[in-house]
Amino acid sequence: TITLKTNDAVATITLNRPDKLNAFTPLMHQELVDALTIIEGDSHVRAVVLTGNGRAFCSGQDLTAVQTGESIDYQALLKEGYNPIIEKLTGLEKPIVTAVNGVAAGAGVSLALACDLKVASDKASFVQAFVHVGLVPDSGSTWFLPRQVGLAKAMELAMLGERISADEALRVGLINRVVPHETVLDEATALATRLAELPTRAIGLTKRAFYQGMVSTLSEALDNEAELQARASQTYDHHEGISAFLEKRKPQFRGK
Ligand code: LHQ
């Protein structure tokens with residue numbers, strides 16, 4: 001249900017159920033977590049691209065698999081199926097770029113929101129579809145949305161469930177870039193390749209610092225920064241960055 005390909009320092013995960021608009025199944029949950037675990041343990045991988053095969057990015061939960069809320073334990077489905085993916089994406093100390101190649105709906109939007117940089121095709125669209133099936137936003141959407149677009153817009157997107165274009169998503173701050181449809185994977189891969197050449201340990205720690213900072217006081221954030229900076233200071237790339245600056249040459253970062 002997914003593919004994982006690694007090319008030099010960039011790993012690409014592709015959701016691969018195009019006939020179902022890449023809707024989630026329990027197998028896909030497991031395969032995504034497994035792929036992210038492999039990426040986590042592979043020190044050669046320094047950046048990740050996440051995209052979808054076919055005309056959609058991800059249509060959220062496969063609705064053909066859920067008839068009614070009575071027969072399936074939704075709490076367990078979220079805690080065991082969806083939440084570990086979101087925790088893995090946000091906890092991975094490597095930058096993740098998503099190439100939103102088409103429509104993202106429901107938990108498919110949450111999936112994109114849990115990535116660090118979001119590049120969307122000009123044909124992509126975003127819909128907080130949960131309300132249309134009588135559900136609350138899940139898989140992190142209640143956390144990400146108000147933080148990324150502000151509470152007023154988050155309420156509107158979630159309560160009305162209107163499908164918004166990539167341009168509108170860019171305007172409200174949901175994504176980073178909109179590119180011509182045919183180029184979306186290339187653009188995201190180029191961005192991931194660029195990130196992979198940067199000090200990716202520091203970038204991973206930056207990601208950690210931001211996520212911790214979102215739920216901490218300023219004093220806690222300051223303490224946390226000091227702790228993470230101590231770790232960053234131990235990296236090869238920090239020393240390389242300083243040396244290159246003083247020697248007036250281009251740094252050669254290694255991601256360690
Ligand atoms: C689908 C799906 C789909 C199956 C399109 N499943 N077949 C939920 C439940 C429980 C616990 C945990 O959490 C969750 C989280 C969630 O994600 S809830 C939200 C689930 N997702 C949705 O409600 C989105 C449903 N889909 C749509 O609204 C539309 O299909 C979108 C906006 C994604 C795309 O619209 P169109 O581009 O007009 O395509 P379409 O509607 O014609 O769909 C094409 C086919 O894909 C169609 O099948 P068919 O056999 O007629 O060609 C759809 O039935 C199928 N499909 N999404 N999620």
Side-chain angles (χ1 to χ4, degrees), residues 1-2 13-33 36 50-90 98-115 118 120-149 153-170 172 174-175 178 180-182 184:
T1 62
I2 70 153
I13 299 174
T14 307
L15 308 178
N16 197 20
R17 297 186 74 222
D19 51 325
K20 292 284 181 189
L21 306 189
N22 300 319
F24 279 112
T25 60
L27 181 60
M28 194 191 272
H29 296 148
Q30 191 55 53
E31 289 186 359
L32 263 176
V33 167
L36 290 164
L50 174 65
T51 192
N53 185 15
R55 77 171 174 92
F57 174 68
C58 176
S59 59
Q61 167 68 33
D62 187 332
L63 295 178
T64 56
V66 289
Q67 297 298 333
T68 70
E70 285 144 38
S71 52
I72 293 184
D73 183 342
Y74 280 26
Q75 191 170 5
L77 180 56
L78 284 169
K79 286 190 172 177
E80 290 157 24
Y82 287 88
N83 297 1
I85 299 167
I86 304 303
E87 299 270 16
K88 275 278 185 195
L89 288 168
T90 54
T98 186
V100 184
N101 54 298
V103 63
V109 180
S110 309
L111 185 71
L113 296 184
C115 297
K118 299 138 186 101
S121 146
D122 55 7
K123 288 188 183 166
S125 56
F126 299 81
V127 50
Q128 284 280 320
F130 308 93
V131 68
H132 301 307
V133 289
L135 292 176
V136 296
D138 64 24
S139 306
S141 263
T142 62
W143 196 87
F144 288 114
L145 262 191
R147 284 173 169 78
Q148 295 190 0
V149 303
K153 197 73 202 175
M155 288 287 189
E156 182 185 333
L157 292 174
M159 289 184 173
L160 296 179
E162 280 174 359
R163 192 165 169 174
I164 62 166
S165 66
D167 282 338
E168 176 70 357
L170 181 67
V172 300
L174 203 68
I175 58 175
V178 180
H181 180 69
E182 299 70 30
V184 68

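Remember, it's 1-based here, ligands and their atoms both numbered in the order they're listed. The basis for the numbers below is simple: all heavy atoms, side chains too, and nothing from hydrogens, waters or symmetry mates. Just so it is clear, the model here is predicted, and its values are computed rather than measured.
A donor-acceptor contact shorter than 3.5 Å links the side chain of N101 to the backbone of A56.
Taking the charged nitrogens against the carboxylate oxygens, E168 and K153 do have a contact shorter than 4.0 Å, which makes a salt bridge.
Under the 4.5 Å side-chain criterion, counting only non-hydrogen atoms from C-beta, D122 is not in contact with D167. Taking 4.5 Å as the limit, every side-chain heavy atom of Y74 sits out of range of all side-chain heavy atoms of D138. In this structure, C58 and F24 have side chains that are in contact, with non-hydrogen atoms separated by less than 4.5 Å. In this structure, I86 and L113 have side chains that are not in contact, with every pair of non-hydrogen atoms separated by 4.5 Å or more. Side-chain atoms of V127 and E162, non-hydrogen and from C-beta on, never get closer than 4.5 Å to each other.
Looking at D138 next to ligand 1, an N or O pair under 3.5 Å apart turns up. Checked by distance only, ligand 1 and A23 stay at 3.5 Å or farther apart across all their nitrogen or oxygen atoms. For a threshold of 3.5 Å applied to N or O pairs, the pair formed by Y82 and ligand 1 contains no separation below that value. At least one N or O atom of A107 sits closer than 3.5 Å to an N or O atom of ligand 1. The N/O atoms of K20, backbone and side chain alike, include none that comes under 3.5 Å of an N/O atom in ligand 1.
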> Could you go step by step and tell me if R17 and T1 meet the side chain to side chain donor-acceptor pair (under 3.5 Å) rule?
Replying inline: CA-CA 6 Å; R17 297 186 74 222; T1 62; over 6 Å; no
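Shown here, atom 22 (C) of ligand 1 is in close reach of the protein: a heavy atom of it lies under 4.0 Å off. Distance check on atom 10 (C) of ligand 1: some protein heavy atom falls below the 4.0 Å cut-off. Less than 4.0 angstrom separates atom 28 (O) of ligand 1 from none of the non-hydrogen atoms of the protein. Within 4.0 Å of atom 50 (O) of ligand 1, not a single protein heavy atom is present. Taking a distance limit of 4.0 Å, we find that atom 54 (O) of ligand 1 is approached by no protein heavy atom. There is a protein heavy atom closer than 4.0 angstrom to atom 13 (O) of ligand 1. Checking atom 47 (C) of ligand 1 against the protein gives no heavy-atom contact under 4.0 Å. Within the 4.0 angstrom cut-off, atom 32 (C) of ligand 1 has one or more protein heavy-atom neighbours.
When heavy-atom distances to ligand 1 are checked against a 4.0 Å cut-off, H132 has no atom that comes that close, whether in backbone or side chain. Residue contacts with ligand 1 for L78 involve side-chain atoms from C-beta outward but no N, CA, C or O (heavy atoms, distance under 4.0 Å). Both the backbone and the side chain of L63 come within 4.0 Å of ligand 1, counting heavy atoms alone. If you look at L135 next to ligand 1, the close heavy atoms, those under 4.0 Å, all belong to the side chain.
Side-chain contact check for S139 and S110: no donor-acceptor pair (N or O, by modelled atom type) lies under 3.5 Å. Checked by atom type, the side-chain pair T64/D62 shows a donor-acceptor distance below 3.5 Å.
At least one heavy atom of D62 sits less than 4.0 Å from an atom of ligand 1.
Annotation for ligand 1: atoms under 4.0 Å from non-hydrogen atoms of Q61 are 3 (C), 6 (N), 8 (C), 9 (C), 14 (C), 15 (C), 16 (C), 17 (O), 20 (C), 58 (N). The A129 neighbourhood of ligand 1 comprises atoms 22 (C), 23 (O), 24 (C), with distances under 4.0 Å to a heavy atom of that residue. Close approach to G60 involves these atoms of ligand 1, each under 4.0 Å from a residue heavy atom: 17 (O).
In this comparison of C58, G161, S59, the heavy atom closest to atom 3 (C) of ligand 1 sits on S59.
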